[in-house]
*Asks:* 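Here it is: the structure, laid out below.
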There are 2 protein chains.
Amino acid sequence: MGTLKYAILGLLNRNAMTGYELSKEFETTLFEFWNAKHSQIYPELKSLNAAGLIEYHVEITGNVLEKKVYTITDEGRRDFLSWEETLCPIQTATKDESRLRLFFLDSASSDFRLQFLEDQRQQHQAHLTHLLENQQKFDTVPPKEARAFSDYLVLRGAVLREEAALSWIEECLQLANQRKSNSASQKNRA
Amino acid sequence: MGTLKYAILGLLNRNAMTGYELSKEFETTLFEFWNAKHSQIYPELKSLNAAGLIEYHVEITGNVLEKKVYTITDEGRRDFLSWEETLCPIQTATKDESRLRLFFLDSASSDFRLQFLEDQRQQHQAHLTHLLENQQKFDTVPPKEARAFSDYLVLRGAVLREEAALSWIEECLQLANQRKSNSASQKNRA
DNA sequence: CAGCCCATGTAATTGGTTACATGATTTT
DNA sequence: AAAATCATGTAACCAATTACATGGGCTG
């Protein structure tokens, strides 16, 4: 899809940045829905530069350490906007190892089943708590064209998704427990 | 991670199957949380066979058409179970182009913003409807050790996730509409 | 001066998709 | 007879992670 390209152009469309700063931005801000390591970013910057979509100038930190501050070009901005202003299909399929394991969970022992679900529950709980802490940093919905508005929206998305994941696991636990007390009376299965 | 390996072993642990049937299984049953094309499956089967985790015998369909029916070996079963009976981290990050686009949506025109959100809303709505139709096929929660129990659980997971996604988009739409009427009175921004 | 962060790259490998390639069987 | 589906594979390419490799700058 070449999505990394547009993630980078999008970030540079906001602020000029070095590859290192882009990498930090992926780790922090975009982490929930996109990520890329520096080993993927630097080559991509090289090719975006070659394509004339971004430029850079070198700045010196201290005495010798060079850093390349990248800026988006007009052509790059046009390219980004033409990507940004297109519709896109929602994600109906996504690789999720937890769900795969859960799908096969009937081949595991009944003890492990509960242990697995309980562990998943706790992890989701912890992650949700963390997200809610971030959400509380917004005392109010960020206004207008504020940069933080997007941050708020994607954070809300993460919160709602995580709440749903937690509800789901709790539903699974409940059904698994039901099953356990049922099957106690008929343990003589294959 | 080598997850494909365990997805295949897990399926073969249920039933003996050909590569073609595995491929269909990925397309239908596992699709929501794992997928693999035949071009990835056939080489994987080759290497699992070489590792002694699966075996096959050849069956003839019609006059000449050969198909390889794969069976899991004892060693394969042990390997699968040792994977299956381990805890795993929840997914806190997943690449999602829709969310990325939404994150950058402030660089788009206000008209397009609403168009994008409305389109996403409709897509989520349609997908949810489809999932709920599948859910109705279960008149009751499948019992005990029934194969369908896992199917039911992952379907419930998909339903809850999709409901959350829809709620989120609706919240975004609401906020975006608010913003529009607000910003009408102060359109003189940079 | 040690340890951590800043800063930039490349190489090797894995995971995954798309395209290439072939041919039999069944259904309409 | 054509079209859809069954059936199996390989090749080329793209995306992404892990590891390799180097060195400066800042803080305690």
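Here the structure is a predicted model, which means the values were calculated and not measured. The chains referred to below are lettered A, B, ... by the order of the sequence lines, with proteins before strands, and numbering in each begins at 1.
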*Asks:* May I ask you to decide if A/M17's main-chain N or O and A/N15's side chain share a donor-acceptor pair within less than 3.5 Å?
*Replies:* no
*Asks:* Between C/dT14 atom C1' and A/Q40 atom CD, what is the distance in whole Å?
*Replies:* 13 Å
*Asks:* By the 4.0 Å heavy-atom rule, please label B/N35 as base, sugar-phosphate, or nothing.
*Replies:* nothing
*Asks:* Can you find a donor-acceptor pair, distance only, under 3.5 Å between B/T18 side chain and D/dT8 base?
*Replies:* no
*Asks:* Quick check for you: to the nearest 0.5 Å, what is the distance between A/E59 atom CD and A/T61 atom OG1?
*Replies:* 7.5 Å
*Asks:* Could you tell me the separation between the CD1 atom of B/I8 and the C1' atom of C/dG15, rounded to a whole number of Å?
*Replies:* 13 Å
*Asks:* Below the 4.0 Å mark, does D/dG24 have OP1 or OP2 next to a side-chain nitrogen or oxygen of A/T61?
*Replies:* no
*Asks:* Are any of A/K68's side-chain N or O atoms less than 4.0 Å away from OP1 or OP2 of C/dG9?
*Replies:* yes
*Asks:* D/dT17, C/dG9, D/dG24: which one has an atom nearest the side-chain heavy atoms of A/K37?
*Replies:* D/dT17
*Asks:* Starting from the 5' end of DNA chain D, give me the residue, A/V64 or A/H38, whose nearest nucleotide shows up first.
*Replies:* A/H38
*Asks:* Starting at NE2 of B/H57 and ending at P of D/dT8, how long is that distance when rounded to a whole Å?
*Replies:* 12 Å
*Asks:* So does B/K46 get a side-chain nitrogen or oxygen closer than 4.0 Å to the phosphate oxygens (OP1/OP2) of D/dT10?
*Replies:* yes
*Asks:* Can you tell me the distance, in whole Å, between the OH atom of B/Y42 and the C1' atom of D/dC6?
*Replies:* 9 Å
*Asks:* Under 4.0 Å: is that the gap between some side-chain N or O of A/K67 and OP1 or OP2 of C/dA7?
*Replies:* yes
*Asks:* A/P143 versus A/F149: any side-chain heavy-atom pair under 4.5 Å?
*Replies:* no
*Asks:* Taking atom C1' of C/dC6 as reference, at what distance in whole Å does atom NZ of A/K24 sit?
*Replies:* 8 Å
*Asks:* Any heavy-atom pair between the side chains of B/L155 and B/F138 that's under 4.5 Å?
*Replies:* yes
*Asks:* Please report the distance, rounded to the nearest Å, between CD in A/E21 and C1' in C/dT8.
*Replies:* 13 Å
*Asks:* Whether A/Y20 contacts C/dT8 is assessed here as follows: a side-chain N or O lying under 4.0 Å from the phosphate OP1 or OP2. Is that the case?
*Replies:* no
*Asks:* Which distance, rounded to the nearest 0.5 Å, do you find between the OG1 of B/T3 and the CD1 of B/I8?
*Replies:* 11.5 Å
*Asks:* Whole-Å distance between D/dG9 C1' and B/Y70 OH?
*Replies:* 10 Å
*Asks:* Could you say whether B/L45 or B/K95 is positioned toward the 5' end of DNA chain D, judged by the nucleotide with the nearest heavy atom to each?
*Replies:* B/L45
*Asks:* Considering every strand and a 4.0 Å limit on heavy-atom distances, what is the contact class for A/K5: base, sugar-phosphate, or nothing?
*Replies:* nothing
*Asks:* A/S39 or B/M1: which one's nearest nucleotide on DNA chain C is closer to the 5' end?
*Replies:* A/S39
*Asks:* Between atom CD in A/E59 and atom P in C/dT8, what is the gap in whole Å?
*Replies:* 11 Å
